Structures are given as structure tokens and as C-alpha cells.
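In what follows, a structure is listed as C-alpha cells, so that the remarks can point back to it.
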Amino acid sequence: MSEPILSVENLEAWYGDAKVLHGLGFALKQGEVLSLIGANGAGKSTLLKCICGLLPKKSGSISFKGEAIHGFSANEIVAKGIALVPEGRRLFPSLSVEENLILGGQVNRPGPWNLEAVYGLFPILKEKRNAPSTSLSGGQQQMVAIGRGLMSNPDLILLDELSLGLAPIVIKDIYALLPRIVGNGLSAILVEQDVTRALDSAHHFLCLQEGHISLEGSPRAFTKDEISAAYFGM
Ligand code: ATP
């Protein structure tokens with residue numbers, strides 16, 4: 001059996017003295033999509049921050065492609081092949097669409113993604129390539145954020161709340177492209193408030209509740225009631 005691309009063991013994380021992740025463990029195989037679900041404050045974004053080196057106060061082990069990445073900086077982790085598409089997009093407001101995308105590619109990792117490939121995925125961004133990123137609609141800004149992540153040619157992409165603040169039709173369009181985004185063996189961890197969408201999009205899911213895993217497995221292995229109980233802690 002092949003090695004998991006990502007392996008997390010006994011992960012704990014703190015903000016100051018407040019412990020918010022309690023001994024999480026899971027593995028992700030190459031090419032798989034894992035959805036993280038859980039109520040507000042369950043720890044989903046914190047888990048993503050731990051994986052990509054943005055939260056220094058943590059213990060346990062995180063291995064990526066067989067290498068322990070626990071103490072590496074966020075920049076070093078991008079260079080190793082993990083990209084974060086952060087909650088709220090966090091584009092560089094003073095830069096154009098294309099400049100934001102180019103920044104994502106600065107790690108110079110080889111792979112299928114470059115400006116033309118991103119514009120092929122999101123043709124509207126090519127039309128708006130010279131526009132300030134702040135002049136775009138929310139959905140278009142989300143496309144830039146995804147494109148910027150892809151430009152680093154990651155092996156694992158972390159997608160945090162893609163649908164936040166977007167109209168349903170825009171969310172539908174972005175999710176329709178997910179198979180193209182995670183094609184070519186790219187693995188993904190998806191944080192999504194819309195549980196049905198999260199489960200429909202994933203091979204596996206983890207449900208977090210107050211920093212613990214309350215349920216995990218194949219979305220098809222559980223009833224809606226079982227998943228609701230794990231989500232709400234009933
Ligand atoms: P949401 O869906 O609301 O984004 P989440 O599942 O992503 O929720 P986290 O943002 O990871 O949850 O938060 C986990 C816990 O850590 C919560 O109790 C939250 O209040 C706390 N927390 C998050 N960020 C910080 C911070 N910067 N400083 C202190 N506590 C924080």
C-alpha cells in the first residue's frame with residue numbers, strides 16, 4: 001500500500017494558553033480530497049494553519065511525503081508543495097490580478113500550473129489580468145486566490161471556506177471546477193460550511209468538534225443523522 005502524502009499524529013495546538021486541538025490523527029492519500037467539517041470554532045482553520053506552518057504553538061507530528069515538517073516556516077512549507085487558499089482570500093490589494101498570481105508562482109516548483117493554465121481554468125481572470133484585485137467580484141477574487149495557490153504547483157492544496165460570502169450560483173460554478181483543480185493527482189483538504197457540498201466533494205471526511213475528531217470516514221458510510229450528531233455533539 002502506498003505511503004500517505006500527509007500523516008498527522010497526536011496534533012495539539014494552542015493560542016496562548018488556550019488549547020484548541022486535542023490529539024488529532026489522520027492520514028491523506030495522494031490524489032484524495034478530504035473534507036473537514038464542524039461547527040464554528042471547532043478548529044478547522046487552526047488545523048490548516050498547523051499543516052502549513054502558520055501556527056507555531058503546537059505539538060505532535062505532521063509528515064508530508066514522508067518528511068517531518070513540524071518546525072518549518074510557512075515559506076519553506078510552500079516550497080515543499082503545500083499551498084493554502086486562505087479563508088477570506090487575502091489577496092494583495094495593491095496588486096493586479098496577474099501580479100497576485102505571479103507571486104504565488106515565486107517558489108518555482110515545476111508542474112502543470114502557470115499563468116496560461118490558470119487563465120484556462122478561469123478565463124475571466126485573463127480578461128481582468130491588469131485590473132486591481134480589489135475591483136473584482138467576490139467570486140472572481142476567490143478564483144484569484146485559488147489560482148495563486150495553484151501557481152506554486154502544490155502536491156497538496158488546503159482550501160479554506162471557498163464559498164464564504166459568495167452567491168449560490170458562483171459557489172456552484174467554482175465547485176464545478178473542483179475536479180479540474182484536483183486532477184493530475186493533486187491532494188486537497190477542503191474546509192466548507194455547507195456540509196452537503198463538503199461531503200459530496202470528498203473521498204473522506206473528518207468532523208471536528210471542539211478540537212477533537214468526532215467522526216471520520218467515507219461520507220457514504222454514515223447516515224445524515226450520524227453526521228449531524230457528530231457535528232452538533234448530540
Ligand atoms: P470557523 O468556521 O468559525 O472559521 P473553525 O472550525 O475554523 O471555525 P478555528 O478558527 O480553528 O475554528 O478556531 C478554533 C478555536 O480557536 C476557537 O475557539 C477560536 O475562538 C480559537 N481561535 C481561533 N483563532 C484564534 C486566535 N487568533 N487567537 C485566539 N483564539 C483563536
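One-based numbering, in listed order, for ligands and for the atoms of each. The structure presented is a predicted model; accordingly, all values stated were derived computationally and were not measured.
Sorted by first and then second residue, the ring pair (Phe, Tyr, Trp, His ring centres under 6.0 Å) pairs with a member in residues 22-48 read H22-H212; sequence neighbours excluded.
In the hydrophobic clustering, where aliphatic and aromatic side chains (Ile, Leu, Val, Met, Phe, Trp, Tyr) are joined below 4.5 Å either directly or transitively, V78 groups with V107.
Remark: side-chain polar atoms of K19 are not paired, donor with acceptor, to backbone N or O of G211 under 3.5 angstrom. Put simply, the side chain of R148 never gets that close to the backbone of N100: no donor and acceptor are under 3.5 Å apart.
Under the salt bridge (Lys or Arg N to Asp or Glu O under 4.0 Å) criterion, E32 pairs with no residue at all, not counting sequence neighbours.
Listed as neighbours of ligand 1 are Y15, V20, A39, N40, G41, A42, G43, K44, S45, T46, E87, E161, Q193, each bearing a heavy atom under 4.0 Å from the ligand.
Side-chain contact check for I171 versus L162: every heavy-atom pair is 4.5 Å or farther apart.
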